[in-house]
Amino acid sequence: MATSESEKSTLPSAPRIMAVANQKGGVGKTTTAVNFAAAAAEMGHRILLVDLDPQANASTGLGLNPQKIESSMYDVLLNEVPLDDAIVAASVRNLFIAPANLDLAGAEIELVPAFSREMKLKNALAKVQDDYDIILIDCPPSLGLLTVNALAAAKEVLVPIQCEYYALEGLGQLLRNVDLVQRNLNTELYLSNIVLVMFDARTNLAAQVADEVREHFGDIVCKTVIPRSVRLSEAPSFGQPITVFDTASRGALSYRDLAAEISGPVKEESGQSE
């Protein structure tokens, strides 16, 4: 599923639908989803962030209170509420979010007997996807039906990997599941980007892990590396992406570089400049 450099340089046609996934918790998955989304929106791309994690960290990270939202992704997946009714505008221009709340934790079980259970998200996105340049789906740190829904709906998979011991732990299983979904549910799906996060330049270990990942996965590993940063970890508690919370910080600059690397320039026909 790896892509060549020439394939990577040819960006897919909009809308790009990307699942941000890693079954290992605490690897910067939601941090990457939120801040990449905010940085790409800041560039002028119209972004939809779908929070599919029952912990709702992407929602709170953009200033929403999950207990006070009118409609969540639970309602979309289980109660057939139109996705457009759940989407709210974030404080960042061009950025929109379909929020989660704790009700979503029950969706894993409630989806089991549902008709076409793996395609619920894909069907919901079909009605709104043309309104956006990029749709990011923040997956839960598990390989259950919610993640399968994300992989069935997405065209690309973006995997954050932390530059620490056991960085590749569980990644093999995730890639096997991506392959299963590709063969059985979604032939368009492919692993497009791996992002190295939590990079501590003071340690030899971080550099060794980065070298190992690049050697193993080649060109799909992004050139931009996200540093370990206190400011990055503080931003969610203020309900802001790092690009707003500390706009000149290393974390903000890195996520802007990542957004430029992955999303490419804004289309001129959208009326926005590059």
Side-chain angles (χ1 to χ4, degrees), residues 14-21 29-42 45-108 110-111 114 116-142 144-158 186 189 236 239-241 244 259 263:
R16 295 178 69 185
I17 305 176
M18 311 175 74
V20 184
K29 174 182 59 62
T30 298
T31 298
T32 294
V34 167
N35 292 306
F36 169 63
E42 185 182 80
H45 294 286
R46 190 171 168 88
I47 308 295
L48 172 61
L49 177 59
V50 177
D51 190 352
L52 217 59
D53 188 340
Q55 297 177 76
N57 289 335
S59 302
T60 58
L62 288 176
L64 298 183
N65 182 342
Q67 297 178 336
K68 294 183 177 180
I69 57 178
E70 292 186 17
S71 298
S72 72
M73 285 307 300
Y74 174 87
D75 300 302
V76 173
L77 296 177
L78 274 304
N79 296 332
E80 298 187 6
V81 169
L83 180 55
D84 214 26
D85 290 353
I87 294 171
V88 295
S91 58
V92 177
R93 185 171 178 268
N94 295 319
L95 178 57
F96 301 81
I97 182 166
N101 58 19
L102 282 174
D103 290 343
L104 204 53
E108 292 280 9
E110 294 178 62
L111 278 170
S116 194
R117 61 189 184 184
E118 298 92 350
M119 309 304 286
K120 292 283 189 180
L121 180 59
K122 183 179 179 69
N123 294 336
L125 282 175
K127 297 181 176 67
V128 303
Q129 62 187 41
D130 290 341
D131 294 334
Y132 302 95
D133 298 313
I134 301 172
I135 297 172
L136 289 167
I137 307 168
D138 186 33
C139 299
S142 65
L145 271 173
L146 289 175
T147 297
V148 170
N149 260 268
L151 297 178
K155 298 176 183 176
E156 308 174 45
V157 184
L158 184 156
N186 181 4
L189 186 67
Q240 296 176 332
V244 175
S263 64

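- Here the closest non-hydrogen pair linking Ala41 and Arg93 is CB-O, 3.5 Å.
- Not counting sequence neighbours, the partners of Asp103 by the side-chain contact (heavy atoms from CB on, under 4.5 Å) test are Tyr74, Asn101.
- Scanning for side-chain contact (heavy atoms from CB on, under 4.5 Å) contacts around Ala56 gives Asp51, Ser59, Pro66, Ala100, with sequence neighbours left out.
- With sequence neighbours left out, the side-chain contact (heavy atoms from CB on, under 4.5 Å) criterion links Ala259 to Phe36, Ala39, Ala40, Met43, Ser263.
- Checked against side-chain contact (heavy atoms from CB on, under 4.5 Å), Val244 has the following partners two or more places apart in sequence or in another chain: Val92, Gln240, Pro241.
- Note: Met73 CE to Leu78 CG = 10.5 Å, rounded to the nearest 0.5 Å.
- To the nearest 0.5 Å, atom CG of residue Leu62 and atom CG of residue Asn57 are 11.0 Å apart.
- With values rounded to the nearest 0.5 angstrom, Met18 atom CE is found 12.0 Å from Leu49 atom CG.
- The side chain to side chain donor-acceptor pair (under 3.5 Å) check on Thr30 picks up Asp138, with sequence neighbours excluded.
- Between atom NZ of residue Lys120 and atom CG of residue Leu146 there is a gap of 12.5 Å, rounded to the nearest 0.5 Å.
- Taking all atoms of both residues into account, the shortest heavy-atom contact from Val34 to Gly61 is CG1-O, 4.4 Å.
- Nearest heavy-atom pair, Val81 versus Ser71, reported as atom, atom and distance to 0.1 Å: CG1-OG, 4.1 Å.
- Residues His45 and Asn94 fail the side-chain proximity criterion, which asks for heavy atoms closer than 4.5 Å.
- Between the CD1 atom in Ile135 and the CD atom in Glu156 there is a gap of 11.5 Å [rounded to 0.5 Å].
- Counting only residues at least two apart or in different chains, side chain to side chain donor-acceptor pair (under 3.5 Å) contacts with residues 77-88 comprise Asp75-Asn79.
- Partners of Glu42 according to the salt bridge (charged side-chain N to carboxylate O under 4.0 Å, His left out) rule, which considers only residues two or more places apart in sequence or in another chain, are Arg256.
- In plain terms, the two heavy atoms of Leu77 and Leu111 that are nearest each other are O-CD2, 4.3 Å.
- Identified under the salt bridge (charged side-chain N to carboxylate O under 4.0 Å, His left out) test for residues 64-73, with sequence neighbours left out: none.
- Between Pro15 and Lys155 the shortest heavy-atom distance is O-NZ, 3.1 Å.
- By the 4.5 Å heavy-atom criterion applied to side chains, Asp53 and Leu104 are not counted as neighbours.
- Between the side chain of Lys127 and the main chain of Leu83, no donor-acceptor pair closer than 3.5 Å is present.
- Nearest heavy-atom pair, Ala150 versus Leu121, reported as atom, atom and distance to 0.1 Å: CA-CD2, 3.9 Å.
- In this structure, the side chain of Asp133 does not engage the main chain of Ile47 through any donor-acceptor pair within 3.5 Å.
- When side chains are defined from C-beta on, Tyr132 counts as touching Ile87, because their heavy atoms get closer than 4.5 Å.
- Residues Asn186 and Leu151 fail the side-chain proximity criterion, which asks for heavy atoms closer than 4.5 Å.
- When each of Val50, Ile69, Val88 is tested with Ile97 by the rule side chain to side chain contact (heavy atoms under 4.5 Å, CB included), just one qualifies, namely Val88.
- Atom CD of Gln129 and atom CG of Leu48 lie 10.5 Å apart (nearest 0.5 Å).
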